[in-house]
Structures are given as C-alpha cells and as structure tokens.
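Per chain, numbering begins at 1; letters A, B, ... match sequence-line order.
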2 protein chains.
Amino acid sequence: MDRETANDRCDCDVIHEEAVGRVRARLPDEEALCDLADLYKVFGDSTRIRILSAVDGDELCVCDIAALLGMSKSAISHQLRLLRQAGLVRGRRDGKIVFYSLADEHVHGILDLGLVHLSELR
Amino acid sequence: MDRETANDRCDCDVIHEEAVGRVRARLPDEEALCDLADLYKVFGDSTRIRILSAVDGDELCVCDIAALLGMSKSAISHQLRLLRQAGLVRGRRDGKIVFYSLADEHVHGILDLGLVHLSELR
DNA sequence: TGCTCAGTTGAGCAACCGTGCAACTATAAG
DNA sequence: CTTATAGTTGCACGGTTGCTCAACTGAGCA
C-alpha cells in the first residue's frame, strides 16, 4: 500500500459525519479564530497581564510601571508596544513623560472575566 | 560612579508615588495574575482556539477534530491534553472513542467576549 | 548649543512551545 | 491468543518569544 508514510493523517473512517458537518457550518471562519488567538496571546504573559492590571483605572508612566513590577524600563517598553499594537492600552505624551492607560472597557471586562473564572474553580 | 552597569534598573526619581501606591494597594496578588496569564496562554494559540470553538456545543472525538482542522491526531491529542489540564474541556470515553466537550459555561463566555471585542473594533 | 532624562528600538541570546515521529496503551472483535 | 483501531506520550527539532544590552530619539532646561 502506497499510503503516505504519516500513519497519523486522519485515515480513520468512523468520523461522526453529522456532528462534524454541523460544527463546520457554525464554526467562525479561520481568520476570526486566528485573530482571537492573537488577542488572547497578548493576555497570555504575566508581565503584560500585570501591566494591564496596573493601568486598569490609573494612568502610569513607563518608569512607574517598571518600579511597580521591579523590571527594566526597556522590558516594559517592549511589552507596551505589543499592548499598543493590540489596541489594549493608549499612550498620552506629556512633556518627556508618556502616560499609559487601558484603551477601553472591553479590556477590563476580559481581565475581570478571567479572574472570576479562576476564583470559581475553588 | 559605581552605579550598576545596567543604566535601566529604574533609577528614575520622578515616579508618581501617589498613583503607584494606589495601584500597589488594589493590584491582585502576583500569583493570581500569573494564573490569569496561564489561563489566557491556553487560549493564545489558533489550534487550541479552533478546538475549543469546535467542541463548544457539540461532542467530538479526536478523529473528528483532526479531520475538521486538517491536522494529525497526534497534534490534536497534544493540545487536548493542555486543554484538559487547564480545565477547559472534558473527555468522556465510550469504548475506543473519547468524546470531548467544553468543560463549563465560562469557557464559552470567554470565547464569546473575545469575539465580541474583535467585532466591535471595526 | 549641549546636557539630562524618559522612553523607544534593534540585535542577539536563552528559554519556551507546537508539531512530527514512533512507540506505546486501551478497547473491541475474530 | 492475534489483529486492528482510537488515542496518548516522550523525544527531538525548528520556530517563536521575552529579556538584556547598547544605541538611539525627543523633550526640557541651562
């Protein structure tokens, strides 16, 4: 048999066609799900989560955040760039200082929903 | 000056002490924020997001999911393990077949909230 | 103009992560 | 028993990522 060597490339025949068809019909398109993964990827790092939590309700400059988290300004700035690109924080320049804050209410909602989920596991 | 070589270890003195103190008081403890990051880390991969979306409302076996996503059973199984460990999906064995489904309503809520956020950016 | 400080950026490196491969377990059927 | 199939797992490898370091920008001030 000249089947491809990968014995794993689903050659199984007992697929539940009805369920799979139903799912295929209701599944969001792949691009939307990739965007969703990219969004949550930004939340999936403890430094970024702590930054988001820090600027949730208060405006802080890079130095403030660096001191608060005990990290270098460079590291914070790198992460702030990702957060900006993802549209999760806004920067407002005042002289030499840039103040950061949450971009919108959704971000607060996502932080909150995750914490609620974790607290209800106990 | 025998300052440490890292010119970056926040030596700045214009920290906004009031704001930083306020934030430090209301910030969730570090462990909770790490757990939160670990939770969202699991959502931060397109394969896992597609699996979650697939089993959101339907029970599917590993073969079904592999066929649906056009991936190997091994890859799916690896990801399902992470999803199980994170408490996001449940597996129910029926003979040789293991059916997977979402673990609880929260997971659906998190998927949904993210999609709503993305859709409202346009 | 020149100095200082807040912040940004690119290169590089170590650690992490997703997947393929192959060997394995578990259940069913002959 | 043997065989077949659904699923799991450890290892290895290539790609990604978070941080440090050093150089840079830009605003304020003398």
* To do: Check salt bridge (Lys or Arg N to Asp or Glu O under 4.0 Å) between R22(B) and all other residues, then give those that pass, not counting sequence neighbours.
  => D58(A), E18(B)
* To do: For R92(A), check salt bridge (Lys or Arg N to Asp or Glu O under 4.0 Å) against everything at least two apart and list the hits.
  => E59(A)
Between [atom2] of [N] and [atom1] of [X], the distance in whole Å:
X: M71(A); N: dG18(D); atom1: CE; atom2: C1'; answer: 8 Å
X: K96(B); N: dT3(D); atom1: NZ; atom2: P; answer: 15 Å
X: L80(A); N: dG7(C); atom1: CG; atom2: P; answer: 9 Å
X: K73(B); N: dA4(D); atom1: NZ; atom2: C1'; answer: 11 Å
X: Q79(A); N: dT17(D); atom1: CD; atom2: P; answer: 11 Å
X: H16(B); N: dC5(C); atom1: NE2; atom2: P; answer: 16 Å

I want to verify a distance call: between [options], whose nearest atom is closest to the [X] side chain?
X: R84(B); options: dT8(D), dT19(C), dC19(D); answer: dT8(D)
X: C63(A); options: dG10(C), dG7(C), dG7(D); answer: dG7(C)
X: T47(B); options: dT19(C), dG7(D), dG10(C); answer: dT19(C)
X: S74(B); options: dG18(C), dT9(D), dG7(C); answer: dT9(D)

* OP1 or OP2 of dT19(C) less than 4.0 angstrom from a side-chain nitrogen or oxygen of S72(B), does that happen here? -> no
* To do: Kindly indicate, with the supporting measurements, whether the criterion side-chain contact (heavy atoms from CB on, under 4.5 Å) is fulfilled by Y100(A) and D64(A).
  => CA-CA 10 Å; Y100(A) 282 94; D64(A) 292 338; over 6 Å; no
* Structure fact -> Comparing nearest nucleotides in DNA chain C, the 5'-proximal residue of the pair R93(A), H78(A) is R93(A)
* Structure fact -> Between G95(A) and L82(A), the residue closer to the 5' end of DNA chain D by nearest nucleotide is L82(A)
* Asked: Across the strands shown, which category fits Y100(A) at heavy-atom distances under 4.0 angstrom: base, sugar-phosphate, nothing?
  -> sugar-phosphate
* Using a cut-off of strictly less than 4.0 Å between a heavy atom of the residue and any atom of DNA chain D, enumerate the qualifying residues of residues 30-43 of chain A by number. => K41(A)
* Can you name the closest pair of heavy atoms from S72(A) and A75(A) and give their distance? -> OG-N, 3.0 Å
* Relative to the ring of H117(A), is the ring of H106(B) parallel (under 30°), tilted (30 to 60°) or perpendicular (over 60°)? -> perpendicular
